[in-house]
Amino acid sequence: MKICGIIVEYNPFHNGHLHHLNKTRELTKADIVIAVMSGNFVQRGEPAIIGKEARVKEALRQGIDLVVELPFLYTVENANIFASYALSILNHLGVNQICFGSETGDTKDFLDRFENSSLLSPHLDFRVSDLMDEGYAYPKAMAIALEEIDDFKLETPNDILGLAYYSEIKKKNYPIEIFTIKRSNDYKSLDLDSNIVSATAIRGALQKDKDVSEFTSMSEALNKDQLVFLDDFFDTLKYKLISSEASEIRTIHLVNEGIENLFKKNIVTSNNMQEFINSCISKRYTAARIKRTIIHILCNTKKELADEFLNKDISY
């Protein structure tokens, strides 16, 4: 039996996701499709705009056979940890295929590109470590190292997650065959100029009370439910950072390298969440890294808890 896994957010489910699902079935000839889905928070460090129950219901309605949650601690993490635990779940469930978006959409091209690079060599790890010591965040350090060693450009979330999925399957020797399809739009694009647009564009339109029924089958639920955005929690974050000692903030997962002092300094002069995030971005800290740290501060995720669960296989 062919069982294909997909790793999703559906924040919200839209026409591009339906295209991915249909192409997955067509490409893999899968008998069963299982989705590992982020819950009420997503990997880039934001709350999902609508609760997981509504998103699961839509996924099942669109023909996915089983939806399993990727727990919060594994979701709001870097690409490597996110991929590691998502694939662990799929492997435990007996998945023997995985399908995701790539830049070319050609599976052979994708595999050739990754298999002929130095992705799994110790030399690459050493160079990445050196670049991080110079102050680069991990994604940028990896991109620079790959380009130096193999003239291999790693630029988009598709590339970064594709690398993470590929590396994890190879490292753990999972019996999972890789398939890729071409992404149908720019994930960052805010344009609403075609039938398939990015989730980013849909979320932006919803913030401006625009009609999105042309782009997502979830428009009724999105219009009915109270939508949630990271911006909504700026005052809560400001209170937390101002009222807490730096030593208390340091007990939170992902708070290290003195980022608590940067946060306490910049929150005072910021007027909204985006202004605050922009003020903290640097060579060392990407926007996604900052937002993930914000989520863990808001959720009071303690380092002891994270250390316990991020150093062992998933426990169910």
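For this chain, numbers begin at 1 and follow the sequence in order.
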(message) Is it the case that the side chain of Ser279 and the backbone of Phe276 share a donor-acceptor pair, with hydrogens and angles ignored and the cut-off at 3.5 Å?
(response) yes
(message) Tyr165 vs Ile176, test: side chain to side chain contact (heavy atoms under 4.5 Å, CB included). Steps then yes/no.
(response) CA-CA 10 Å; Tyr165 296 147; Ile176 297 175; over 6 Å; no
(request) For residues Val212 and Ala205, report the shortest heavy-atom separation together with the two atoms involved. (result) CG1-CB, 3.7 Å
(message) Using a 3.5 Å distance criterion without hydrogens, assess whether the side chain of Lys52 forms a donor-acceptor pair with backbone atoms of Asn40.
(response) no
(request) For Asp65, check side-chain hydrogen bond (donor to acceptor under 3.5 Å, both in side chains) against everything at least two apart and list the hits. (result) Arg25
(request) Show the numbers, then the answer: is there a side chain to side chain contact (heavy atoms under 4.5 Å, CB included) between Ile259 and Tyr285? (result) CA-CA 9 Å; Ile259 199 172; Tyr285 300 123; 3.7 Å; yes
(request) Determine whether Ser38 and Phe82 make a side-chain contact, defined as any pair of heavy atoms from C-beta on separated by less than 4.5 Å. (result) yes
(message) A side-chain contact here means heavy atoms from C-beta on lying under 4.5 Å apart; do Glu257 and Arg284 qualify?
(response) yes
(message) Could you check whether Gln274 and Asn278, counting side-chain N and O atoms only, form a donor-acceptor pair closer than 3.5 Å?
(response) yes
(request) Indicate, with yes or no, if Val42 and Leu254 share a hydrophobic cluster defined by side-chain heavy-atom contacts under 4.5 Å among Ile, Leu, Val, Met, Phe, Trp and Tyr. (result) no
(message) Restricting to non-hydrogen atoms, name the atom on Gly5 and the atom on Val95 that form the minimum distance, rounded to 0.1 Å.
(response) N-CG1, 3.5 Å
(message) Taking the basic N atoms (NZ, or NE/NH1/NH2) and the acidic carboxylate oxygens, is any pair closer than 4.0 Å for Arg55 and Glu58?
(response) no
(message) What's the separation between atom CD1 in Ile49 and atom CG in Leu206, rounded to the nearest 0.5 Å?
(response) 5.0 Å
(request) Indicate the atoms forming the closest heavy-atom contact of Asn80 with Asn78, along with that distance. (result) N-OD1, 3.0 Å
(request) Go through the steps for Asp313 and Ser88 under the test side chain to side chain donor-acceptor pair (under 3.5 Å), then give the verdict. (result) CA-CA 8 Å; Asp313 193 13; Ser88 176; 2.8 Å; yes
(request) Verify the ring-centre separation between His17 and His14: is it less than 6.0 angstrom? (result) yes
(request) Of all the heavy-atom pairs spanning Leu305 and Leu73, show the shortest one and how long it is. (result) O-CD2, 4.1 Å
(message) Could you walk me through whether Phe100 and Phe179 satisfy the ring-ring contact (aromatic ring centres under 6.0 Å, His included) test, starting with their C-alpha distance in whole Å, then the side-chain angles of each, then the deciding distance to 0.1 Å, before giving a yes or no?
(response) CA-CA 7 Å; Phe100 52 87; Phe179 294 87; 9.9 Å; no
(request) Measure the spacing between NE2 of His19 and CG of Asn15 and express it to the nearest 0.5 Å. (result) 11.0 Å
(request) Return yes when atom CZ of Phe229 has more than 12 non-hydrogen atoms of other residues, nucleotides or ligands closer than 6.0 Å, and no otherwise. (result) yes
(request) Using a 4.5 Å cut-off on heavy atoms from C-beta on, say whether the side chain of Lys2 contacts that of Thr28. (result) no
(message) What's the separation between atom CD1 in Ile294 and atom CZ in Phe234, rounded to the nearest 0.5 Å?
(response) 9.5 Å
(message) So which atom in Ala35 and which in Val8 form the shortest heavy-atom distance, rounded to 0.1 Å?
(response) CB-CG2, 4.1 Å
(message) Assess whether a salt bridge exists between Glu245 and Arg250, defined as any Lys/Arg side-chain N lying under 4.0 Å from an Asp/Glu carboxylate O.
(response) no
(request) Verify side chain to side chain contact (heavy atoms under 4.5 Å, CB included) between Lys172 and Asn91, making sure each step is shown before the conclusion. (result) CA-CA 10 Å; Lys172 298 286 180 62; Asn91 183 60; over 6 Å; no
(message) Would you say that Glu46 contacts Ile295 through its side chain, given a criterion of any heavy-atom pair below 4.5 Å between the two side chains?
(response) no
(message) Quick check on the hydrophobic clustering: are Tyr239 and Val268 connected, directly or via other members, by side-chain heavy-atom contacts under 4.5 Å?
(response) no
(request) State, yes or no, whether a side-chain contact exists between Ile7 and Leu90 at a heavy-atom distance under 4.5 Å. (result) yes
(request) Output every pair passing side-chain hydrogen bond (donor to acceptor under 3.5 Å, both in side chains) with a member in residues 295-311, not counting sequence neighbours, ordered by first then second residue. (result) Thr251-Lys302, His296-Thr301
(message) For the CG atom of Asp235 and the NZ atom of Lys240, what is their distance to the nearest 0.5 Å?
(response) 15.5 Å
(request) Take Thr75 and Gln43 through the test side chain to side chain donor-acceptor pair (under 3.5 Å) and record every step on the way to the result. (result) CA-CA 5 Å; Thr75 296; Gln43 196 261 339; over 6 Å; no
(request) Decide yes or no for Leu93 and Val36: does some side-chain heavy atom of the first lie under 4.5 Å from some side-chain heavy atom of the second? (result) no
(request) Give a yes or no on this: more than 12 heavy atoms of other residues, nucleotides or ligands lie within 6.0 Å of atom NZ of Lys264. (result) yes
(request) Find out whether Pro175 and Ile169 are in side-chain contact, i.e. whether some heavy atom of one side chain is under 4.5 Å from a heavy atom of the other. (result) no
(message) Are Tyr74 and Phe309, when compared by the centres of their aromatic rings, separated by less than 6.0 Å?
(response) no
(request) For residues Lys23 and Cys99, determine if any side-chain heavy atom of one lies less than 4.5 Å from a side-chain heavy atom of the other. (result) no
(request) Might you work through the side chain to side chain contact (heavy atoms under 4.5 Å, CB included) test for Glu260 and Ile297, ending with a clear yes or no? (result) CA-CA 10 Å; Glu260 67 279 8; Ile297 290 171; over 6 Å; no
(request) Would you name the heavy atoms of Leu230 and Gly45 that are closest together and state the gap between them? (result) CD2-O, 3.8 Å
(request) Measure from the side-chain N and O atoms of Asp31 to the backbone N and O of Met1, and report whether any donor-acceptor pair falls under 3.5 Å. (result) no
(message) Once rounded to the nearest 0.5 Å, what's the spacing between atom CG of Leu222 and atom CD1 of Ile202?
(response) 8.5 Å
(message) Would you compute the distance between atom CD of Glu275 and atom OG1 of Thr269 and round it to the nearest 0.5 angstrom?
(response) 7.5 Å
